[in-house]
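Just the heavy atoms: all of them, side chains too, but no hydrogens, waters or symmetry mates, feed the values below. Chain letters run A, B, ... following the sequence lines, proteins first and then strands; every chain starts at 1.
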2 protein chains.
Amino acid sequence: MGSVTRLDGVAAREQALDAAERLFYARGVQSVGMDDIRGASGVSLKRLYQLFPAKDQLVEAYLARRDLVWRQRLGERVDRHRDAEERILAVFDHLHAWFGEPDFRGCAWINAYGELGATSPRVAAQARAHKLAFKRYLAGLVADAKLPPGTADQLQLLAEGAMVTAAILETAEPALQAREAAALLTRAAR
Amino acid sequence: MGSVTRLDGVAAREQALDAAERLFYARGVQSVGMDDIRGASGVSLKRLYQLFPAKDQLVEAYLARRDLVWRQRLGERVDRHRDAEERILAVFDHLHAWFGEPDFRGCAWINAYGELGATSPRVAAQARAHKLAFKRYLAGLVADAKLPPGTADQLQLLAEGAMVTAAILETAEPALQAREAAALLTRAAR
DNA sequence: TTGACCCGAGAACCATCGTTCTCTACGGTA
DNA sequence: TACCGTAGAGAACGATGGTTCTCGGGTCAA
């Protein structure tokens, strides 16, 4: 029946996105071919192109799904704390844990923007949307802590800077430096 | 009796690098072909491959030369000031001016790293070298201002964060936010 | 002048890759 | 059983791009 096919379609879509995320994040978008995705996911090329009419759209879907997961994980880490100030610092603890993961290769959206931002409006839009969502989330934490709104922007700069520096220098330390700076900034703004 | 079209090796190299810088920075490395470089520079393919045996090495040379120019420009801006504190803030004024340039497309090394860091050791090494040189420069400014050494790392995070945020959100504002944060941090660390 | 040499223009070569097509097999259905 | 729609494997196609080669013309030393 239609329901069976549809379930298969959903499962195939998830498998395809799993493989896309693993490969795109590890090697970059342009050095991964659709055939690599097929090999890693077990989803046939025909099915892949039914689900995502062009590679562009697979990339878009990869970034969109990763955005949801990334922000959810961040939220879970922050929600372990009740104190508004601690919740802000937990963002940087989360970064530190992330940077230490063995397959950490920087921020997927910064990387994708560097690779395709100039040529793919879809990718540029995903990067913008993700960073704006992150900014909104920080703004909420900052408002809860009754700090001036501009502090959220400053915290975001620290976080973004930590991501790129950790990736390029291959060390998790920037998360700790950013956390220290965030503590000073929130204290200074109070 | 040099005809206009014939160039010595040094001039050809400069022209090739000029074109490479313009195109690679604007469109990304992988979407620019060697033939594009030839068309934009007027340097024949044969000559290009004599000067740079592979595209990889042209990319490396592009990043290496840009590193020198970028840091020299930054230094010139900073050297307009004598007060140690002002010299630190001038870094962020420089970023603001840079972000406002019409062809600004983010940090060339962050972009190149996102695009090729996973597959090209040469590019990864260039990005690392550039960021370490920037870090050393900031450390010098911080030492001159008699601030604790860790402040330099924090300032770098602000600067890197401003670069990626300005690129993705297409606004120069992050430079001002970073400057404000830098002022607070240096004051707090004193 | 001549002939060895070098250069640029562009074709050629070869691999890769996004995308589509063909062909065969199979599962459900009357 | 006979039919039909669909799926998957993989070939095919067309474009692109890195790299090399050919060719014709100009340059320079002797």
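In summary, A:R65 and A:E14 engage in a salt bridge, as defined by a charged side-chain N under 4.0 Å from a carboxylate O. A salt bridge does not link A:R22 to A:D103: none of the charged side-chain nitrogens sits closer than 4.0 Å to a carboxylate oxygen. Checked for salt-bridge contact, B:D67 and B:R71 meet the test: a charged N lies under 4.0 Å from a carboxylate O.
Rounding to whole angstrom units, CD1 of residue B:I37 and C1' of D:dT19 are separated by 15 Å. The separation between A:D36 atom CG and C:dA15 atom C1' is 14 Å, rounded to whole Å. Rounded to whole angstrom, the span from the CG atom of B:L58 across to the P atom of D:dG17 amounts to 15 Å. What separates CG of A:L48 from P of D:dG10 is a distance of 15 Å, to the nearest Å. Protein atom CG of A:L51 is 10 Å distant from nucleotide atom P of D:dA7, rounded to whole Å.
Between A:R47 and the phosphate of D:dG8, there is a side-chain N or O to OP1/OP2 separation shorter than 4.0 Å.
Among the heavy atoms of the strands lying under 4.0 Å from B:V32 are primed sugar atoms or P, OP1, OP2 only; no base atom is included.
Side-chain contact between B:Y62 and B:F52 is absent, with no heavy-atom pair separated by less than 4.5 Å.
Taken from NZ in A:K131 to CD in A:E160, the straight-line distance is 3.5 Å, to the nearest 0.5 Å. One finds the CD atom of A:E76 at 9.5 Å from the CG atom of A:L74 (value rounded to the nearest 0.5 Å).
Within residues 16-25 of chain B, no residue has a heavy atom under 4.0 Å from DNA chain C.
B:T151 places no side-chain N or O within donor-acceptor distance of the main-chain N or O of B:L147, the cut-off being under 3.5 Å.
Side-chain contact, B:T165 with A:Q156: no donor N or O sits under 3.5 Å from an acceptor N or O.
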* To do: Any chance you could list the contact pattern along nucleotides 19-26 of chain C? Use B for base contacts, S for sugar-phosphate-only contacts and - for none, protein heavy atoms under 4.0 Å, 5' to 3'.
  => BB-B----
